[in-house]
Amino acid sequence: MREEHRKLKIREKVIIPGNLVLFLTAAQREIIAGDEPAIIESDDLLQYEEYDCAYGGLIDSKTGEYGFRYFPDEYDKDEQRENTWDINLNKADIERIVTGETTELSLWACLEDSCGCKFPSADASCFYCDWVEQTKL
């Protein structure tokens, strides 16, 4: 059984990768058009075969906040871990990224050097660093 033991996260600026910009461009088109996947609350309705580096959806219809999970690199079979970035953006944030006005994100990262996961807040929980296997006595 795994038990949560949250560890300290540090704030980190990251350059927004080109494939994430392309993904957000496709998402922005759906948002502007009012397409159903972009206006229904979900965490994964925005997905694109040609941009399979991320998925996401509208996570709060009241605030207009979207949540995305980005995969910056391939699954590490040796470590059995997948580095992910969880990113929360509103429509204006997405537009600034798509137009190139915003080129960096400020995210929270684990202190563990081998972990590449990043989060939108300092109190986020990392599956790899904050959850430990409990042994029975």
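Quick note: residue numbers are just sequence positions, from 1.
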Peer 1: Backbone N or O of Asp60 within a donor-acceptor pair of the Glu65 side chain at under 3.5 Å?
Peer 2: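 Flag not set: sc Glu65 to bb Asp60 has no pair under 3.5 Å.
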Peer 1: Please tell me whether Phe71 and Leu45 are part of a single hydrophobic cluster in this structure, the criterion being side-chain heavy atoms less than 4.5 Å apart.
Peer 2: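 Looking at the clustering, Leu45 is in a separate group from Phe71.
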Peer 1: Quick check against the 3.5 Å criterion: does Arg6 have a side-chain atom that pairs as donor or acceptor with the backbone of Asp123?
Peer 2: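 Flag set: sc Arg6 to bb Asp123 pair under 3.5 Å.
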Peer 1: Hey, could you give me the CG/SG distance between Leu24 and Cys53, rounded to the nearest 0.5 Å?
Peer 2: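 Separation between the atoms: 8.0 Å.
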Peer 1: Around atom CD of Glu30, are there more than 12 heavy atoms of other residues, nucleotides or ligands at under 6.0 Å?
Peer 2: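 Enclosed: over 12 neighbouring heavy atoms sit under 6.0 Å from CD of Glu30.
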Peer 1: When you measure from the side chain of Asp35 to the backbone N and O of Pro37, does any donor-acceptor pair fall under 3.5 Å?
Peer 2: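 Between the backbone of Pro37 and the side chain of Asp35 there is no qualifying donor-acceptor contact (under 3.5 Å).
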Peer 1: To the closest 0.5 Å, what do you measure between SG (Cys126) and CG (Asp86)?
Peer 2: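 Answer rounded to 0.5 Å: 9.5 Å.
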Peer 1: Find the distance between CD1 (Ile32) and CD (Glu95) and round it off to the nearest 0.5 Å.
Peer 2: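 Going from the CD1 atom of Ile32 to the CD atom of Glu95 covers 6.5 Å.
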Peer 1: Kindly give the heavy-atom pair with the smallest separation between Ser125 and Trp131, and that separation in Å.
Peer 2: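 Nearest heavy atoms, Ser125 then Trp131: OG-NE1, 2.8 Å.
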Peer 1: Could you give me the CA-CA distance, side-chain angles and deciding distance for Tyr128 and Asn83, then say whether side-chain hydrogen bond (donor to acceptor under 3.5 Å, both in side chains) is met?
Peer 2: CA-CA 9 Å; Tyr128 303 110; Asn83 294 331; over 6 Å; no
Peer 1: For Ser106, run the side-chain hydrogen bond (donor to acceptor under 3.5 Å, both in side chains) check against Lys13, Glu12, Arg11 and tell me which one passes.
Peer 2: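 For Ser106, the side-chain hydrogen bond (donor to acceptor under 3.5 Å, both in side chains) check succeeds only for Arg11.
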Peer 1: Does CG belonging to Leu111 count more than 12 external heavy atoms closer than 6.0 Å?
Peer 2: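 Atom CG in Leu111 is crowded, with more than 12 foreign heavy atoms closer than 6.0 Å.
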Peer 1: Count I, L, V, M, F, W, Y as connected when their side-chain heavy atoms are under 4.5 Å apart, and connections chain through other members. Are Ile16 and Trp108 then in the same cluster?
Peer 2: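 In one cluster: no.
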Peer 1: With clusters defined by side-chain heavy atoms of hydrophobic residues (ILVMFWY) lying less than 4.5 Å apart, directly or transitively, does Ile94 cluster with Ile59?
Peer 2: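 Ile59 and Ile94: separate clusters.
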Peer 1: Does any N or O in the side chain of Lys9 come within less than 3.5 Å of the main-chain N or O of Phe119, such that one atom is a donor and the other an acceptor?
Peer 2: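 Not a single qualifying donor-acceptor pair exists.
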Peer 1: Quick check: closest heavy atoms across Asn88 and Gly67, and the distance to 0.1 Å?
Peer 2: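 Here Asn88 and Gly67 meet closest at OD1-CA, 3.7 Å.
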Peer 1: Quick check on the hydrophobic clustering: are Tyr66 and Val98 connected, directly or via other members, by side-chain heavy-atom contacts under 4.5 Å?
Peer 2: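 As far as the 4.5 Å side-chain criterion goes, Val98 and Tyr66 are connected within one cluster.
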Peer 1: Atom CD of residue position Glu104 - does it have more than 12 heavy atoms of other residues, nucleotides or ligands inside 6.0 Å?
Peer 2: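 Above 12, so yes.
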Peer 1: Distance check, rounded to the nearest 0.5 Å: Ile87 atom CD1 versus Leu89 atom CG?
Peer 2: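 Result: 6.5 Å between the selected atoms.
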Peer 1: Between atom CG of Asp52 and atom CD of Glu50, what is the distance when rounded to the nearest 0.5 Å?
Peer 2: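 Asp52 atom CG to Glu50 atom CD measures 9.0 Å (nearest 0.5 Å).
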Peer 1: Does Lys7 offer a backbone N or O that forms a donor-acceptor pair with the side chain of Asp130 under 3.5 Å?
Peer 2: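 Yes: the side chain of Asp130 pairs with the backbone of Lys7.
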Peer 1: Please report the interatomic distance CZ(Arg69) to CG(Asp44), rounded to the nearest 0.5 Å.
Peer 2: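 Going from CZ on Arg69 over to CG on Asp44, the span is 11.0 Å.
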Peer 1: Show the nearest heavy-atom pair for residues Gly100 and Thr103, with the distance to one decimal.
Peer 2: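 Where Gly100 meets Thr103 most closely, the heavy atoms are O-CG2, 3.5 Å.
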Peer 1: Please identify which of these residues, Trp85, Tyr48, Tyr51, Phe23, meets the ring pair (Phe, Tyr, Trp, His ring centres under 6.0 Å) condition with Phe68.
Peer 2: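 Going through Trp85, Tyr48, Tyr51, Phe23 one by one, the ring pair (Phe, Tyr, Trp, His ring centres under 6.0 Å) with Phe68 is satisfied by Phe23 alone.
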Peer 1: State yes or no: do Leu58 and Tyr55 share one hydrophobic cluster built from I, L, V, M, F, W and Y residues joined by side-chain heavy-atom distances below 4.5 Å, directly or via other members?
Peer 2: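 They do not share one cluster, since no chain of ILVMFWY contacts under 4.5 Å joins Leu58 to Tyr55.
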